[in-house]
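Below, all heavy atoms of this structure are taken into account, side chains as well, without hydrogens, waters or symmetry copies.
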Amino acid sequence: MTENAGTPPDPDHSAADKDEDTSRGESQDKSQDGPDGKASRVRWRDGAAPARRRHHWLRWAALAASFLVLVAAGAGWWLYRKLDSNIKTDTAAAAELRAYEKERPPSVVHEAQNILLIGSDSRAGDNREYGRSYGGSQRSDTTILLHLPAGRKSVTAMSLPRDLMAEIPRCRTSDGKQTAKQFAQFNWAFEFGGTACTIRTVELMTGIRIDHYMVVDFNGFKDMVDAVDGVEVCLKEPIDDPDAHVKLRAGRQKLDGEQALGYVRARKSLGDGSDTDRMDRQQRFLGALVNKVQSNGVLLNPTRLYPVLDAATKSLTTDPGLGSLKDLYALVRGVRDVPTDKVQFLTVPRQPYAADPNRDELVQPDAAKLFKQLRQDASVTVVPADEPARRKNGNRHASESTNPTPTPTYSGNNAAADLCKQ
């Protein structure tokens with residue numbers, strides 16, 4: 001036998017070792033019965049169990065966050081695809097324009113863009129309630145040439161009267177026939193040959209190359225107004241126009257989509273009953289709509305922006321160059337920082353047509369000067385309706401002594417103007 005066999009451990013030494021281990025915080029042994037009934041020893045390092053619990057919850061939090069990111073990404077992709085699929089592309093008009101490429105004017109200023117906005121008065125589908133159709137065809141109820149300068153520091157929207165007499169070129173009809181070249185009412189071009197014929201008529205009239213086009217119908221306009229929760233207007237007198245489906249009281253009020261459509265379409269019961277007066281009203285309303293979109297945070301609030309985009313894309317028919325949400329976003333991104341007072345609206349200089357006072361004709365050389373300014377991407381000055389006369393008188397008096405060359409000004413308004421202060 002060895003000398004230490006059967007000798008019990010030193011109790012003082014064991015206690016000291018235990019105290020030393022505990023004080024050093026390294027580890028403690030705990031006894032528990034193992035599966036064979038014998039005592040086994042499990043070592044738990046101090047803080048190990050709480051650390052494992054923390055790691056457990058961190059893993060679950062990471063998984064939950066990853067899941068939410070995937071759901072958000074999936075929802076965002078679904079919304080993008082939905083908006084993208086809303087847009088209708090008119091490839092037929094694009095093909096027709098290519099066939100007449102040699103007759104079209106060239107682009108003069110790189111990066112400047114000219115977009116033709118056409119408001120269709122089609123009575124098809126949900127638009128049947130707004131009146132009779134023209135033998136199944138449609139005419140352009142509103143046509144606006146939107147000029148975006150190269151620097152994107154301003155936007156100029158020039159209205160072309162539907163009753164303006166214009167040279168309409170030979171156009172291909174929907175059934176493949178050819179119309180004759182003729183001098184006729186401008187909005188007949190849309191009835192004869194659709195978007196392509198209207199674009200060629202505008203290019204022939206102005207010498208301005210149309211880079212893109214959009215066609216918007218009645219219901220699209222209504223939905224846009226409803227999506228921004230209405231637009232406020234002020235009426236000097238009440239409106240009751242059965243033809244435009246609108247009845248409004250006098251004074252300040254907010255119009256919903258249906259009321260707004262009646263307001264911009266009304267002609268017989270407002271002003272002098274002319275299309276000129278209606279265009280001025282349309283321009284002021286569009287300016288108020290632009291101001292509403294920019295001023296109430298719609299562009300920066302996804303929950304408010306989506307209904308606007310949904311309404312807009314559902315109502316649009318575009319050329320292939322604007323036929324996707326990506327293309328439209330690039331267009332909007334380029335002008336979203338333009339101040340509302342730099343978003344200008346005007347109507348091409350016109351006067352009653354000599355042969356028929358119910359039609360319009362261009363005022364020359366004023367119209368030619370305006371077309372040249374837009375074609376060359378020169379600055380266009382738009383002032384309130386009574387200002388051109390004052391400036392003209394002032395320039396006349398000045399020319400008697402200094403003979404300066406006056407800067408052309410045009411009557412109109414901008415998106416910052418308050419409809420209730422006009």
Novice: Would you say the side chain of L362 lies within less than 4.5 Å of the side chain of F371, judging by non-hydrogen atoms?
Specialist: yes

Novice: As an exercise, state the distance from OG of S85 to NZ of K314, rounded to the nearest 0.5 Å.
Specialist: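 The OG atom of S85 sits 9.5 Å away from the NZ atom of K314.
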
Novice: So which heavy atom on P161 is nearest to which on T347, and how close?
Specialist: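 Smallest interatomic distance, heavy atoms only, reads CG-CG2, 4.2 Å.
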
Novice: For the residue pair T201 and P169, what are the closest heavy atoms and their distance?
Specialist: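 So the two residues come closest at OG1-CD, 3.4 Å.
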
Novice: Do T206 and L374 have side chains that approach each other closer than 4.5 Å (heavy atoms only, starting at C-beta)?
Specialist: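 No - every pair of side-chain heavy atoms lies 4.5 Å or more apart.
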
Novice: How about T198 and Y213: do any of their side-chain heavy atoms sit closer than 4.5 Å?
Specialist: no

Novice: Is it the case that the side chains of Y410 and Q373 hold a donor-acceptor pair, with the cut-off being a distance below 3.5 Å and no angle test?
Specialist: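 Looking only at side-chain atoms, Y410 and Q373 do form a donor-acceptor pair, the distance falling under 3.5 Å.
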
Novice: Is there a side chain to side chain contact (heavy atoms under 4.5 Å, CB included) between V108 and D377? Walk through the geometry before answering.
Specialist: CA-CA 8 Å; V108 176; D377 201 27; over 6 Å; no

Novice: Less than 4.5 Å apart, any side-chain heavy atom of V335 and any of L148?
Specialist: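 V335 vs L148: side chains touch.
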
Novice: Would you say NZ of K88 has more than 12 non-hydrogen atoms from neighbouring residues, nucleotides or ligands within 6.0 angstrom?
Specialist: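 Above 12, so yes.
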
Novice: Has R209 got a side-chain atom pairing as donor or acceptor with E203's backbone, closer than 3.5 angstrom?
Specialist: no

Novice: Take K82 and D310 through the salt bridge (Lys or Arg N to Asp or Glu O under 4.0 Å) test and state the conclusion after the steps.
Specialist: CA-CA 8 Å; K82 181 178 184 299; D310 189 42; 3.1 Å; yes

Novice: Checking S159 against Q282: is there a side-chain donor and acceptor pair closer than 3.5 Å?
Specialist: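 Result is no, nothing qualifies.
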
Novice: Rounded to the nearest 0.5 Å, what's the gap from CG on L248 to CD1 on I239? Could you check?
Specialist: 5.0 Å

Novice: What distance do D366 atom CG and Q351 atom CD have between them, rounded to the nearest 0.5 Å?
Specialist: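 D366 CG to Q351 CD: 9.5 Å, rounded to 0.5 Å.
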
Novice: Just wondering, do R336 and Y329 contact through their side chains at under 4.5 Å, heavy atoms?
Specialist: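 They are in contact (side-chain heavy atoms under 4.5 Å apart), so the answer is yes.
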
Novice: Testing the 3.5 Å rule here: is there a donor-acceptor pair between the side chains of Q344 and S154?
Specialist: no

Novice: With rounding to the nearest 0.5 Å, note down the distance linking CD in Q253 to OH in Y263.
Specialist: 9.5 Å

Novice: Can you name the nearest heavy-atom pair linking V109 to R375, along with the distance?
Specialist: CG2-O, 4.0 Å

Novice: Quick one, R104 and E101 - any side-chain contact, counting heavy atoms below 4.5 Å?
Specialist: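 They are in side-chain contact.
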
Novice: If you measure from CD on E258 to CG on D223, what distance do you get to the nearest 0.5 Å?
Specialist: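 Atom-to-atom, E258:CD and D223:CG are 10.0 Å apart.
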
Novice: If you define the side chain from C-beta out and look only at heavy atoms, does anything of N187 sit under 4.5 Å from T143?
Specialist: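 A side-chain contact under 4.5 Å is absent here.
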
Novice: Are the side chains of M214 and L328 in contact, using a 4.5 Å heavy-atom criterion?
Specialist: yes

